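One structure below.
Note that the structure is predicted; figures quoted are calculated from it, not measured. For the numbers below, each heavy atom of this structure counts, side chains included, while hydrogens, waters and symmetry mates do not.
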Amino acid sequence: MDLTLLERPLFYIGRHYVTFLGLIAFAGLFAAGVITARILQSQFVRRFFSRLKIDTNFTAIVTTILSLAALVFFTVSAINAAGIPLAWNAPLPAVSLSLLQIFLLVGLLIAVFWISSRTKRFLYNRFLIRSGLDRSLQYAIAQIVSNVVLVVGIFFVLENTGIHLSALTVFAGAVGVGVGFGLQNIASNFISGLVILAERPITIGDRVEVAGITGQVQQIRARSTVIRTNDNIAMIVPNTRFIDSPVTNWTYGDPRVRFRIPVGVAYNSDVNKVCEALIAVGSENPNTLKDPAPSVFLEKFGENSIEFELVVWSSEMSARPRRYRSDLNFAIDQKLREAGIEMAFPQRDLHIKSGVLKVEGVEFGTTKQSES
């Protein structure tokens, strides 16, 4: 086979010609890049990163960036093999960075994000766990240090890859205008997140009510806070809601919470027996604290009932207040029935002192007998 035919120019791109062998080399290297990119996004590679104790989201980001980098690398190599020189060290058109510098920048940024994540994990799970500090304070410290490492690392990488921060002055001004108009919510949420971590009005594990959402705090992130409801639904709440809105924290400072259970009984009931029955219900519940002890208040003599209020304390059922109240109500109904105490219901008594009351259109005890 005459190889000279394969080496003849087929067409020209700029000042460079492309041969048939160059096209074969281009196709082969480009196909290798696609295959490598697919392999880097496979489950095998993801399991490898999971063994290194890297977060799932971070693993997805890393594998995606690596697959794109592999595709770019093989594509550039394929272009060079086709006969069109594309130097790795030469600056790209309209960009002062070369391909090699871009690859270095991407790799260093991935390393910075990984170091930031590992710093937070190391501080929270190993270093601060024996410090004696509150667990929520340990999380706040680890999160703040992680953010500092991330910001400092990004500035360091940009300075050492040829992107001087002084050249970003115009861009920074444009970003400042954008923050003032379109990105002010993101900026305010980020600052609110720092305030929450520093002031700690809420911490991990607290049960809170904010903006109509009730649940347990799972994560406090830079822009938002994750609250998991009792329906196992994760609600993403912007951090500004915890700063400019009223927040109910059921476990702030002291986990003990007082529950008030209203009870209405009929007027012919013995109030002492009612009080004893309600105290017994509160004391027999395993989730009720012994100190403070359950107590009962006679609230008022209502229109249809004598109204009592059972007051109990619990430190465990703040996460499930509806279940706790339901258990107490079931027990109250059973205890009052056993004591022969009648529950109240709406009723009216009509007293006629004098005169005649005429009733029309009402039949009492009428029966019809068939004629034989």
Side-chain angles (χ1 to χ4, degrees), residues 46 49-50 52-64 110 112-129 133-151 154 179 183-255 257 315-324:
R46 294 179 186 273
F49 280 106
S50 64
L52 299 178
K53 298 181 179 180
I54 299 178
D55 295 337
T56 304
N57 294 332
F58 188 72
T59 299
I61 295 174
V62 170
T63 54
T64 301
I110 293 176
V112 167
F113 278 95
W114 181 79
I115 292 173
S116 175
S117 176
R118 294 299 299 175
T119 299
K120 177 183 175 181
R121 187 185 298 272
F122 171 76
L123 290 176
Y124 185 66
N125 294 332
R126 294 187 179 184
F127 184 77
L128 295 175
I129 195 170
L133 298 174
D134 183 74
R135 195 62 174 155
S136 58
L137 181 58
Q138 296 176 19
Y139 179 85
I141 294 174
Q143 183 67 44
I144 292 174
V145 173
S146 175
N147 291 338
V148 172
V149 170
L150 181 62
V151 173
I154 290 176
V179 169
L183 302 179
Q184 56 182 350
N185 289 333
I186 297 177
S188 60
N189 283 321
F190 178 77
I191 296 174
S192 298
L194 296 179
V195 172
I196 290 173
L197 291 174
E199 187 179 339
R200 296 194 303 145
I202 61 171
T203 56
I204 302 298
D206 285 353
R207 180 175 179 82
V208 299
E209 296 181 13
V210 58
I213 299 173
T214 303
Q216 189 177 33
V217 178
Q218 295 288 315
Q219 287 181 316
I220 302 176
R221 301 187 295 196
R223 190 196 64 84
S224 60
T225 296
V226 180
I227 297 177
R228 187 169 298 277
T229 67
N230 286 354
D231 296 329
N232 200 30
I233 299 175
M235 307 294 291
I236 312 300
V237 182
N239 287 331
T240 53
R241 294 297 182 90
F242 296 94
I243 303 298
D244 56 16
S245 302
V247 179
T248 301
N249 192 333
W250 285 56
T251 54
Y252 185 78
D254 191 346
V257 178
S315 59
E316 300 176 357
M317 298 304 293
S318 59
R320 295 186 297 165
R322 189 178 179 185
R323 167 55 55 192
Y324 187 47

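Here CD1 of I129 is found 11.5 Å from CZ of F122. Values are rounded to the nearest 0.5 Å. In this structure, the separation between OG on S192 and CD1 on I243 is 5.0 Å, given to the nearest 0.5 Å. The distance from atom OG of S146 to atom CZ of R118, rounded to the nearest 0.5 Å, is 11.5 Å. I227 contributes atom CD1, which lies 10.0 Å from atom CZ of R207 (distance to the nearest 0.5 angstrom). For the atom pair CG of N125 and CD of Q138, the computed distance is 9.5 Å after rounding to the nearest 0.5 Å. Taken to the nearest 0.5 Å, the CD1 atom of I202 stands 4.5 Å off from the CD1 atom of I196.
Closest approach of V247 to F242, counting heavy atoms only: CG2-CA, 3.8 Å. Closest non-hydrogen pair, A234 versus V226, comes out as CB-CG1, 4.1 Å. For the residue pair Y252 and P201, the shortest heavy atom distance occurs at CD1-O, 3.4 Å.
A donor-acceptor pair is defined here as one N or O able to donate and one able to accept, closer than 3.5 Å; such a pair exists between the side chain of T119 and the backbone of I115. Proximity of a side-chain donor or acceptor of D206 to a complementary backbone N or O of T203 within less than 3.5 Å is detected. Not one N or O on the side chain of Q219 forms a donor-acceptor pair closer than 3.5 Å with the backbone of T225. Side-chain atoms of S116 do not come within 3.5 Å of backbone N or O of V149 as any donor-acceptor pair. With T229 contributing its side chain and T214 its backbone, the two residues share no donor-acceptor pair below 3.5 Å. Checking side-chain atoms of R228 against main-chain N and O of Q218 turns up no donor-acceptor pair under 3.5 Å. A donor-acceptor contact shorter than 3.5 Å is absent between the side chain of N230 and the backbone of Q216.
With a 6.0 Å radius and a threshold of 12 heavy atoms from other residues, nucleotides or ligands, R320 has its CZ atom at or below the threshold. Few gaps surround CZ on R200; more than 12 heavy atoms of other groups in view lie less than 6.0 Å from it.
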Verdict with supporting geometry, I233 and M235, side chain to side chain contact (heavy atoms under 4.5 Å, CB included): CA-CA 6 Å; I233 299 175; M235 307 294 291; 3.8 Å; yes
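For the pair E209 and W250, the minimum side-chain heavy-atom distance is below 4.5 Å. Counting heavy atoms from C-beta on, the side chains of N239 and R221 never come closer than 4.5 Å. Contact of the N147 side chain with the V145 side chain is not registered, since no non-hydrogen atoms from C-beta on lie closer than 4.5 Å. Annotation: side chain of T248 is not in contact with side chain of V210 (no heavy-atom distance under 4.5 Å).
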